[in-house]
There are 2 protein chains.
Amino acid sequence: MSISLQAEHGGDLSAARAAFPQAPEPWLDLSTGVNPYSYPCIDLSAECLTKLPDSGALRALEEAASKAFDVPRHAQVVAAPGSQAIINWLPHLIPARRVGILGFSYSEFARSFAASGAKVTIAAEPAALQHHDVAIIVNPNNPDGRIAAKRDLHAVAAALANHHGLLIVDEAFADFVPAASIVPKMPASGVIVLRSFGKTYGLPGLRLGFAIAPAETAARLREALGPWPVSGAAIAIGTRALLDTEWLALTWERLQTDAAAVDKILAAAGFEFVGGTPLFRLVRHGEAQRLYESLAQAGILTRRFDARPDWLRFGIVSLPGGRKRLRTALGLGLQRSENECRVD
Amino acid sequence: MSISLQAEHGGDLSAARAAFPQAPEPWLDLSTGVNPYSYPCIDLSAECLTKLPDSGALRALEEAASKAFDVPRHAQVVAAPGSQAIINWLPHLIPARRVGILGFSYSEFARSFAASGAKVTIAAEPAALQHHDVAIIVNPNNPDGRIAAKRDLHAVAAALANHHGLLIVDEAFADFVPAASIVPKMPASGVIVLRSFGKTYGLPGLRLGFAIAPAETAARLREALGPWPVSGAAIAIGTRALLDTEWLALTWERLQTDAAAVDKILAAAGFEFVGGTPLFRLVRHGEAQRLYESLAQAGILTRRFDARPDWLRFGIVSLPGGRKRLRTALGLGLQRSENECRVD
C-alpha cells in the first residue's frame, strides 16, 4: 500500500474556502471527529495565560487524566500540546527500523515514522504486526471505528515485548468507547497509549493530549517536551473537564441521539454504514466523490480519502438546522448526480 | 564549567510555595522576565478553541511575525508552541557533536543538546565559538542583558558557514531591544533566530514562539512540529498582537519608567547593577542568597543562579503597591541579615 507523506486532514476550512469560493458562509464543518458540544470554558482566569504554566498545576492535570483514563499504578501520564505532538516525537525517542500500522488508519503515524527513516508497512491483521520494532493500532480506529479485540492487543504487545518491540495504541476516540481501552489493564512495559483531549471535549484548538507509558519512556518524553509543554489554558480547562464525569455522561447521551439522526439522513441518501464512533460516521456510496463536491458547494465540508474513493466520513451534527441543511444538500447533490448520469 | 541537566527556571510558584509555606499570598512573582503588562485578549472568539487551528490562520500569524520582526525575503518564519519547543527539537534536526554556547546564559540549550549526546562547551567570547558544529548566542543575553556586537554575530556565522556549521541566535528578549536583532540583515544560510512571544506580550501561558530560518531548515522544523503546532488562541491573539505596533511602543515606555523605579529600589538596598533589558534587571549583592530567602519569606519570588551566588534577577514591578512591597521586604531582609552578622 502506498503511503502519501503529504497528509490531508479534516478541519482545514481555509483550503475548503479556496477550493470552493462560491460556497455559502458559514461553512458547516463535518470533516473532523470533533465533539460539536464543546466543554464550557468561559470563566477562565487570566492567570492561566499571563503566568508561565506552573509545575504543580501540570501535575494536577496529569493526575486528573490518570483518574479519567483509569491508569494503573505502573504507568505514568505525560501531557503534551496535542497527541499529534507525541506522534511527532515518538520516532525520535524510539529508534525503529520496521514499523507496522494496522490499516487503513490515521495517516500521521506513517508520515512521522517514515520521515525518520523507518520502513513503514500497513498491516491488515494484528497478527501481521508482531515482527516489527514498533506496531501501531488506532483503537477505536479512525476513520472506520473498528475496535481491536483485547486479546489481539495483548497478543501483539506480548509478541513485540519478546524482541524488545513496542506497541503504540492510539485511543484518540476511546473516551466515548471506554470498553475498548487497554489502559486499565495495560502491561507494565512495551505499550504506550495516546489519548486526545480536544476531540472529546470539543476543544481541538486548545492543543492537549496525553501519553500513558512506563516510567522510563514517560521520562524520555517529558525530557523531549521540555518545561512548559502545554498552555496554561489547557492545564486549567483540561483539569476541570477530565474530572467532570457528569458532563461526559450527559454529552455521550446527546451524541448518541444526534448520531442516530445523522445515520438516518445518510441512509436516506443511499449511504451504506461502514463504521464509526459517537464522534464520526464512516459511510460508503458509489457517488461519494460527486456528493463530496456537492456538499462542499453547499458549504458543508466532509472528509474524503484518496485511497478509498467510495468513502466519506461525517462528523456529528448537533443542531436540527444543521441536519436540515445536510439533508437538503444531499438531496440536491443526488439529483445533480442523477441528471449528470442521464446526460452522459 | 559544569552544566546541570536538571535545569531550574523562574516562575515556578508551586515549588516556591512548597519551599516557603509561611509566605503570604498572593506571591509577587519577579522570577521571570515576563512583561507585567499583558496584551489584552478578552474578546477571544470561541472558535479559536472549538475548531482545529486552520492552516490559513497559521500562515497569517507567521506573516504577522515576519512583518513584526522585519524578516528578509530569503528567510521563513515557523510558529511553535513556545520557543522552548524549538529548543527541544533543534538537536534532533541539526546533528551536532560539538556545541558552543556563549555563557553565562539560558540553561535550556545546554540541557537539550547535551541530552542528544552532543559535547557542550560554554564559551566566554564569540570568537571561541567558531570551531563548533553549532554555536548559540542568546542576544540580548539572559540573565545579564549583554548585547553581542553585530560584527561578532556575522563573524561567527561566517566562520561556522565555512565548515557547514550553524549559528543559533536566541532573541527571546529582543522585542524591546530591536537594534540588537540580527534578523533584518541575517545571512541567507547558516543562521537560525528564535523569538519568543509570551515574554514581550505578557502571555507566557499561551505557548507561542517562532524560528526564523532558511527555507530548508524551516521545512524540517515544520515537518517535526507536524500539523496544528500552536493553539487557536495563540494564533488569534498572536496575529493581532504582533501587528499592534502602537501597543508595543506604549508598553515599552511604561516598562522603561517602571524599570527605572525598580533600579532605584535595588540600588537603595545596596545592589550593584550588572545588566538587564526592559523586562528584567540583573543585580549583584554580597548577601544575595540571604536576601533571596528573605524576599521569598515575604512572598516575593526572584531568580537566583547556583553558579552565581551573588546574583539575583528581578522582573519588572508595574504596580506602585508591588514596588512598595519589594522595598519593605528588602529593608527587612537587610536588617535581618545585619542582625545575623552581629550574632555571628
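Letters go in sequence order (proteins before strands), and every chain restarts at 1.
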| query | Who wins among A:Ser231, A:Gly232, A:Ala236 for the most heavy-atom pairs under 4.5 Å with chain B? | reply | A:Ser231
| remark: Among A:Ala85, A:Pro81, A:Gly202, A:Pro229, the residue with the most heavy-atom pairs under 4.5 Å to chain B is A:Gly202
| For B:Glu223, does its backbone N or O pair with a side-chain atom of A:Arg111 as donor and acceptor, under 3.5 Å? | yes
| query | Do A:Asp54 side-chain atoms and B:Ser14 backbone N/O form a donor-acceptor pair below 3.5 Å? | reply | yes
Is [X] in contact with chain B via its backbone, its side chain, both, or neither, using a 4.5 Å heavy-atom distance?
X: A:Leu225; value: backbone
X: A:Thr50; value: both
X: A:Ala57; value: backbone

| request: Go through B:Ala18, B:Pro91, B:Gly226, B:Gly10 and name the one with the most non-hydrogen pairs under 4.5 angstrom from chain A. | output: B:Gly226
| remark: Residue from B:Gln84, B:Arg59, B:Arg17 scoring the most non-hydrogen pairs under 4.5 Å with chain A is B:Gln84
| field | chain A contact via B:Leu208 - which portion, at a heavy-atom distance below 4.5 Å | value | neither
| Residue part contacting chain A, namely of B:Ser55, when any heavy atom lies under 4.5 Å | both
| query | Do A:Leu52 and B:Arg207 come close enough that some side-chain heavy atom pair is under 4.5 Å? | reply | yes
| query | What orientation do A:Trp89 and B:Trp89 show, parallel under 30°, tilted 30 to 60°, or perpendicular over 60°? | reply | parallel
